2 protein chains.
Amino acid sequence: MGWSTQATARDVAALANVSAQTVSRVANGAENVSPETRARVLEAMAKVGYTPNGAARALRSGRSDMIGIVVHHLTRTGEANIVQAVATTAHDRGYAVTLMDASTGAASDLNEALARIGPGVAGVVVLGLETSDVDRLKAPGRLPVVVADSRSLAHPAVGFDQRGGAQQAVGHLLGLGHACVHMLAGPQSSLQSRLREHAWREFLTAAGRPVPPVLRGDWSPASGYAAGQVLAADREVTAIFVANDEMAAGLMRAFHEAGRRIPDEVSVVGFDDVLAEYLWPPLTTVRQDFSAVGDGLVRLLLQRIGSPVADPDPVSTVVPAHLVIRASSGPPPGHR
Amino acid sequence: MGWSTQATARDVAALANVSAQTVSRVANGAENVSPETRARVLEAMAKVGYTPNGAARALRSGRSDMIGIVVHHLTRTGEANIVQAVATTAHDRGYAVTLMDASTGAASDLNEALARIGPGVAGVVVLGLETSDVDRLKAPGRLPVVVADSRSLAHPAVGFDQRGGAQQAVGHLLGLGHACVHMLAGPQSSLQSRLREHAWREFLTAAGRPVPPVLRGDWSPASGYAAGQVLAADREVTAIFVANDEMAAGLMRAFHEAGRRIPDEVSVVGFDDVLAEYLWPPLTTVRQDFSAVGDGLVRLLLQRIGSPVADPDPVSTVVPAHLVIRASSGPPPGHR
DNA sequence: CTGAAAGCGCTTACAG
DNA sequence: CTGAAAGCGCTTACAG
C-alpha cells in the first residue's frame with residue numbers, strides 16, 4: 001500500500017497470469033489483446049492500484065508525456081490565464097506540464113530556460129516573449145517549440161488579433177463622434193505595442209483624421225499616470241486609446257486628480273480586459289481570449305510533436321479580440 | 001548535435017578515458033574523485049554538451065528532482081505570485097516544478113490532482129485550498145505534502161498572519177478616530193475569511209466598541225458592489241474593512257455611484273494588495289508577501305523530502321502581513 | 001580514488 | 001493474440 005512499494009507491471013502480470021508486456025499493451029491501449037485477457041489485466045491493475053512508472057516509460061521509449069512551459073511574468077493576469085489553459089488542455093490529452101521561469105523576457109534568458117527544460121520534455125510552449133528578438137529564440141536540437149502572441153519565422157505561434165482589436169477601439173471612439181483619438185502606447189521594444197500603434201495610425205489615416213503625436217509608457221500604471229498628467233492639461237484631447245489596462249488605470253487617476261471627468265469630458269479605451277471591470281469608471285477595453293490562446297498553443301505543439309520533422313511552413317493562428325464597452329467611453333462634450 | 005543524439009555518460013566516459021560511473025560521480029558532485037580526473041570529465045562534458053538523462057536517473061535512484069504543485073485558481077494574483085516564487089526557489093535548488101490544476105478547491109478534486117501528480121514527484125505543494133475541509137486532503141502513500149495558507153493537522157503549512165493583518169486594518173481605522181468599523185467578509189466556507197472576521201470582532205470588542213452585523217460576499221467585485229449599495233445607504237457608516245481587494249473595488253464603485261466620497265465621508269481598507277494601487281482612490285490595504293510564502297513552502301517541502309518519515313509535529317510557518325496606507329482611508333467627517 | 005557488474009520498470013523488435 | 005529476450009541511461013552496491 002505504501003508509496004515506497006508501488007505495484008509494478010510484473011505484479012500485475014503475476015496476478016493476471018499474463019506476461020509483463022501484455023500488461024504494457026493493455027496500459028497503452030493496444031488493439032491486439034483479447035477482450036478476456038484485457039478484462040483480467042484491468043481487474044488486476046485496479047486491485048493493486050497500478051500506475052505505470054513514467055521514468056521507465058520515458059527512458060525506454062524515448063518519448064515523454066511532459067510538455068514544458070517557459071514563463072516570464074506569471075504574475076501578469078494574461079500570462080497566468082494562458083498557463084492555466086495550457087495546463088488544462090495538456091492534462092486533458094494526457095500530458096503533464098512542467099513550469100520553468102525565465103528571469104527576463106530577453107531571448108538569452110528564454111534560451112537558458114529552454115536549455116534547462118528541454119531534456120525530458122516532448123515540446124515547449126514559450127510565453128512572455130515581449131522583446132522583439134523572437135528570432136533569436138533557439139531551442140536545443142529539434143525540440144518542438146511554439147510561442148505565444150509573437151510573430152516568429154522559426155517557430156509557430158498563436159497570438160491575438162492586435163490589429164483587429166485596435167481597429168475596434170479606434171472605430172468605437174470615432175463612431176461616438178470624436179474628431180480625433182490620442183494614443184498612449186507601450187514601449188517600442190514590444191511587438192504587441194507596435195502592432196496596436198500601427199493599427200491606430202492606419203485607421204485614423206484611412207478615416208481622414210489627423211494623427212496626433214503618440215505618447216509612450218512602459219506598461220506600468222505609473223507611466224500611465226505620467227502620461228495622463230500631460231494629456232489632462234490639453235483641453236483638445238477628448239478620446240484616448242491606451243495600449244493596456246494598467247496604464248489606463250494610472251491615466252484615469254491623473255484625470256480624476258485634475259478634476260477632468262470620464263467619460264463626460266474625455267473617453268478612455270484600454271486593452272487586455274484584465275483590470276477593466278474593477279476600475280472607476282469601469283473601463284471600455286479590448287478583451288483578449290487568453291484561454292483560447294493557451295488551448296491553441298497546446299494543439300499546435302502536440303501536432304508538432306506528432307511529426308517532429310521541421311515544418312517548412314509553420315502554422316500560425318490568430319485569436320480574435322473584441323471590444324467590451326463599459327462606462328469610460330461616450331460622446332465628446334457638446335456633441336449631438 | 002541533434003536532439004535525438006543527446007550525449008550520454010558513456011560518450012563522456014570514452015572521451016575522458018574514465019568509466020561511466022566516474023562521470024556519474026562528477027555529475028553528482030561526489031567527493032571521491034581526484035581533481036585531475038574531475039577536470040578532465042568536466043571538460044569532456046562541456047565538449048559534448050552532456051546533460052544527465054533525468055528519466056534514467058529517476059528510474060534507477062528512485063529519487064525524483066521534480067516537485068509538484070497543485071493549483072486551483074492560478075488566475076488569482078495571489079496564487080500566481082506564490083507559484084512564481086515556488087518555481088524560482090525550487091529551480092534554485094535544482095528541482096523542476098510540475099503543475100497540476102484541480103478543477104475546484106474541494107478536497108475531492110485536490111485529492112484527484114494529488115493522485116495524478118503523485119507518481120514521479122518527490123513531494124507536492126498544494127495551493128488554493130479554500131474550503132474548510134483541509135483535513136480531508138489525502139496524499140497517496142507517504143508522498144510529502146505541504147499546503148499554503150491553511151491550518152492542517154495532517155500536513156505542514158505556510159500561511160499569512162491573517163489575524164495580525166486584520167488587527168492592523170481595524171487599528172488603523174480606530175486610530176483615525178472612527179467610532180466603529182463595519183466589515184464586509186468573504187464566504188463562510190473560507191478559513192481565511194473567518195480568521196479575518198474573528199480578528200476584527202475581537203479587536204473591536206477589546207477596544208470597547210460596538211460590533212455591527214457583518215456583511216458577507218463571495219470575494220467577487222459584484223458581491224462587493226451589492227454590499228456597497230447597502231452600506232452607502234446607511235449614513236452611520238464611516239469606516240469599512242473589506243476582506244479582499246476585489247470586493248473593495250466593487251464596494252467603492254457603489255459608493256461613487258451613490259455620490260458618497262471616499263475618504264471624506266467613508267474610509268475603506270482592503271486585504272491582499274493585488275489591485276489596490278490601481279483603484280480610485282488608491283486603496284489602503286493589508287499586503288501579503290506571496291513570494292515569502294512560496295519560498296517557505298519549498299523550504300518546508302524539501303525538508304520533509306529529506307526525511308520522509310512522518311513528522312509527529314508538523315512545522316507551520318506564519319508570514320507577517322502589513323498595512324499599506326494609501327488614499328482610501330482618513331479621519332471621519334467632522335473629526336480632526 | 002576508480003571500475004566491472006547488475007538492475008531500476010518499462011517498451012521494442014522479434015518469434016511463435 | 002501472446003511471450004522471452006534485450007536494452008534505454010543511469011546509479012547502487014561491491015571490489016580493488
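Any value given below was found using the heavy atoms of this structure, including those in side chains, with hydrogens, waters and symmetry copies removed. Naming: A, B, ... by sequence-line order, numbering from 1 per chain. What you see is a predicted model, and the numbers here were worked out from it, not measured in a lab.
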Self-check item: 5'-to-3' dot-bracket of DNA chain C (Watson-Crick, G-U; under 3.5 angstrom; crossing pairs as [ ]; | other strand)
Solution: |||.||||||||.|||
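To the nearest 0.5 Å, the span separating CG on A:Leu127 from CG on A:Leu99 amounts to 9.0 Å. Between atom CD of residue B:Gln84 and atom NE2 of residue A:His72 there is a gap of 9.0 Å, rounded to the nearest 0.5 Å. Here the CG atom belonging to B:Leu300 is positioned 10.0 Å from the CD1 atom belonging to B:Ile305, to the nearest 0.5 angstrom. Rounding to the nearest 0.5 Å gives a distance of 12.5 Å between OG1 of B:Thr75 and CD of A:Glu79. Taken from CG in B:Asn32 to OG1 in B:Thr22, the straight-line distance is 9.0 Å, to the nearest 0.5 Å. The line from CG of B:Leu15 to CZ of B:Arg10 is 14.0 Å long, rounded to the nearest 0.5 Å.
Across all strands shown, A:Val23 has no heavy atoms under 4.0 Å from either base or sugar-phosphate atoms. Base contact: A:Asn32 has a heavy atom under 4.0 Å from a base atom. No engagement by B:Arg10 is indicated, since no non-hydrogen atom pair under 4.0 Å with the nucleic acid exists.
Applying the side chain to side chain contact (heavy atoms under 4.5 Å, CB included) test between B:Arg299 and each of B:Leu301, B:Asp295, B:Leu302 identifies B:Asp295 as the sole match.
No side-chain heavy atom of A:Val145 sits under 4.5 Å from any side-chain heavy atom of A:Val70.
Each of B:Ala56 and B:Arg25 has a nearest nucleotide on DNA chain C; the 5'-most of these lies closest to B:Arg25. Residue B:Pro35 is the one, among A:Ser61 and B:Pro35, whose nearest nucleotide of DNA chain C lies closer to the 5' end (criterion: closest heavy atom).
Protein chain B contacts DNA chain D over a range whose 5' and 3' limits, counting nucleotides with an atom under 4.0 angstrom from a non-hydrogen atom, are D:dG9 to D:dT12.
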